[in-house]
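Atoms considered below: every heavy atom in the structure, side chains included; atoms not considered: hydrogens, waters and symmetry mates. The model shown is predicted, which means the values in this text are computed figures rather than measured ones.
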Amino acid sequence: MNPSDAISLATAAACNPQDRDELIYARIVDAIVAHKISPGARLPEETLAATFGVSRTIIRTVLHRLALERMVVLHRNRGAQVARPGVEEARHVFAARRMVETASMPDVIRRAGKEQIRALRKITRAERAAQQRQLHSDAIRLSAAFHVELIGIGGNNVITEFAAQLASRSSLIIAVYGTQHSVGCECGEHGELVDLIAAQRMQEATDWVALHLNRIEASLSFEQPENATPDFAAIFNE
């Protein structure tokens, strides 16, 4: 379960340090992935500290973690801002995803049981509903969640952690460069992949993943957006 679902923002300051830091980290990542905080937006420590009711030191620790994961860029004397990936970086991220996800499919199919298939189908239903309601940011977030859940079935925690980082960075890339075709049936319905996995059709599933990621990358429009100034209180007190 996502920490942001388990603990409300109002209790952040009262949590034990580990839970508190994880909560703040998760809320900021979710906001970035959902495009509530736009790529290039500044992340002032003082404002975030006041929003979450914690010290700037705690916020600084979270921002350093996000910087290590390439979600945030830290500038000397200018603070932090949400990363805005360049075109070359975007292509490299998708190349890495193709390598990791296609190579993981044999283990995924070997270990996928009824419970794992049900979990994947639950995400695809939520993703489809978000697409139908034109909730673009929710669809991006759910698409990333599907791929992390998928790779997690393979049972390799190191690969799953790496895949989660790539999925988050992909979500940021799609938020920056994506079009209405970047998340949806034009790039392949995830339910099709689940059917292939359930049927143990390994080669077809592997080919599907590669084609799916190729289509998403091909749908991107590499134009730089303008920076946005987020209202953190509105975002995190929803």
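In this structure, Val209 and Met105 have side chains that are in contact, with non-hydrogen atoms separated by less than 4.5 Å. Leu193 is not listed as a side-chain neighbour of His212, based on a closest heavy-atom distance of 4.5 Å or more. The shortest side-chain heavy-atom distance between Leu68 and Leu66 does not fall under the 4.5 Å cut-off. A 4.5 Å side-chain heavy-atom check between Arg20 and Phe52 finds every atom pair outside the cut-off. Side-chain contact between Asp107 and Asn156: absent, with no pair of heavy atoms (C-beta onward) separated by less than 4.5 Å. Side-chain atoms of Arg98 and Asn214, non-hydrogen and from C-beta on, do get closer than 4.5 Å to each other. A 4.5 Å side-chain heavy-atom check between Met202 and Ile197 finds every atom pair outside the cut-off. Between His190 and His147, some side-chain heavy-atom pair lies under the 4.5 Å cut-off.
Heavy atoms only, all atoms of each residue included: Glu204 and Leu196 are closest at O-CD1, 3.7 Å. The two residues Ile173 and Pro85 make their nearest non-hydrogen contact at CG1-CG, 3.7 Å. Residues Phe146 and Thr124 approach most closely at CE1-CG2, 3.6 Å, considering heavy atoms. Nearest heavy atoms, Tyr25 versus Val62: CA-CG1, 3.7 Å. Of all non-hydrogen atoms in Ala112 and Ile117, the two that sit nearest each other are CB-CD1, 4.3 Å. Across all their heavy atoms, Ala83 and Leu172 have their closest contact at O-CD2, 3.3 Å.
Within the 3.5 Å criterion, the main-chain N or O of Ile58 finds a donor-acceptor partner in the side chain of Ser55. Of the possible donor and acceptor atoms, one in the side chain of Ser171 sits under 3.5 Å from a partner among the backbone N and O of Ala167.
Leu150 contributes atom CG, which lies 11.0 Å from atom CD of Gln116 (distance to the nearest 0.5 angstrom). Separating the CD atom in Glu115 from the CD1 atom in Ile153 is a distance of 10.0 Å, to the nearest 0.5 Å. We find the OG1-CD distance between Thr47 and Glu45 to be 10.0 Å, quoted to the nearest 0.5 Å. From Ser104, atom OG reaches atom CZ of Arg97 across 11.5 Å, with rounding to the nearest 0.5 Å. Rounded to the nearest 0.5 angstrom, Gln203 CD and Ile109 CD1 are separated by 9.0 Å. With rounding to the nearest 0.5 Å, the separation of CD1 in Ile32 from CZ in Arg27 is 13.0 Å.
In this structure, Phe162 is a member of the same hydrophobic cluster as Ile151, with clusters built from ILVMFWY side-chain heavy atoms closer than 4.5 Å. Residues Ile28 and Val148 are members of separate hydrophobic clusters, defined by side-chain heavy-atom contacts under 4.5 angstrom among Ile, Leu, Val, Met, Phe, Trp and Tyr. Linking ILVMFWY side-chain heavy atoms closer than 4.5 Å, directly or via other members, places Val93 and Val100 in a single hydrophobic cluster. Met99 and Leu211 fall into different hydrophobic clusters, where Ile, Leu, Val, Met, Phe, Trp and Tyr are joined by side-chain heavy atoms under 4.5 Å apart, directly or via other members.
Counted by atom type alone, Tyr177 and Glu217 present zero donor-acceptor pairs between their side chains at under 3.5 Å. In the model, Glu161 has no side-chain atom that pairs as donor or acceptor with a side-chain atom of Asn157 under 3.5 Å.
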task: Dump the intermediate steps for side-chain contact (heavy atoms from CB on, under 4.5 Å) on His75 and Val73, then the final yes or no.
output: CA-CA 7 Å; His75 300 285; Val73 178; 3.5 Å; yes
message: Run the side-chain contact (heavy atoms from CB on, under 4.5 Å) test on Leu120 and Glu149 for me, step by step, so that the C-alpha distance in whole Å, both residues' side-chain angles and the decisive distance to 0.1 Å come before the verdict.
response: CA-CA 7 Å; Leu120 291 175; Glu149 184 79 21; 3.8 Å; yes
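Salt bridge status for Glu189 with Arg128: present, with a side-chain N to carboxylate O gap under 4.0 Å. Taking 4.0 Å as the cut-off between side-chain N and carboxylate O, Arg141 and Glu127 do not count as a salt-bridged pair. Under 4.0 Å is where a charged nitrogen must lie from a carboxylate oxygen, and between Asp195 and Arg121 at least one such pair does.
Within a 6.0 Å sphere centred on CZ of Arg65, other residues, nucleotides and ligands contribute more than 12 heavy atoms.
A side chain to side chain donor-acceptor pair (under 3.5 Å) with Arg169 holds for exactly one of Glu69, His92, Glu89; it is Glu89.
Residues satisfying the side chain to side chain contact (heavy atoms under 4.5 Å, CB included) criterion with Ala145, sequence neighbours excluded, are absent altogether.
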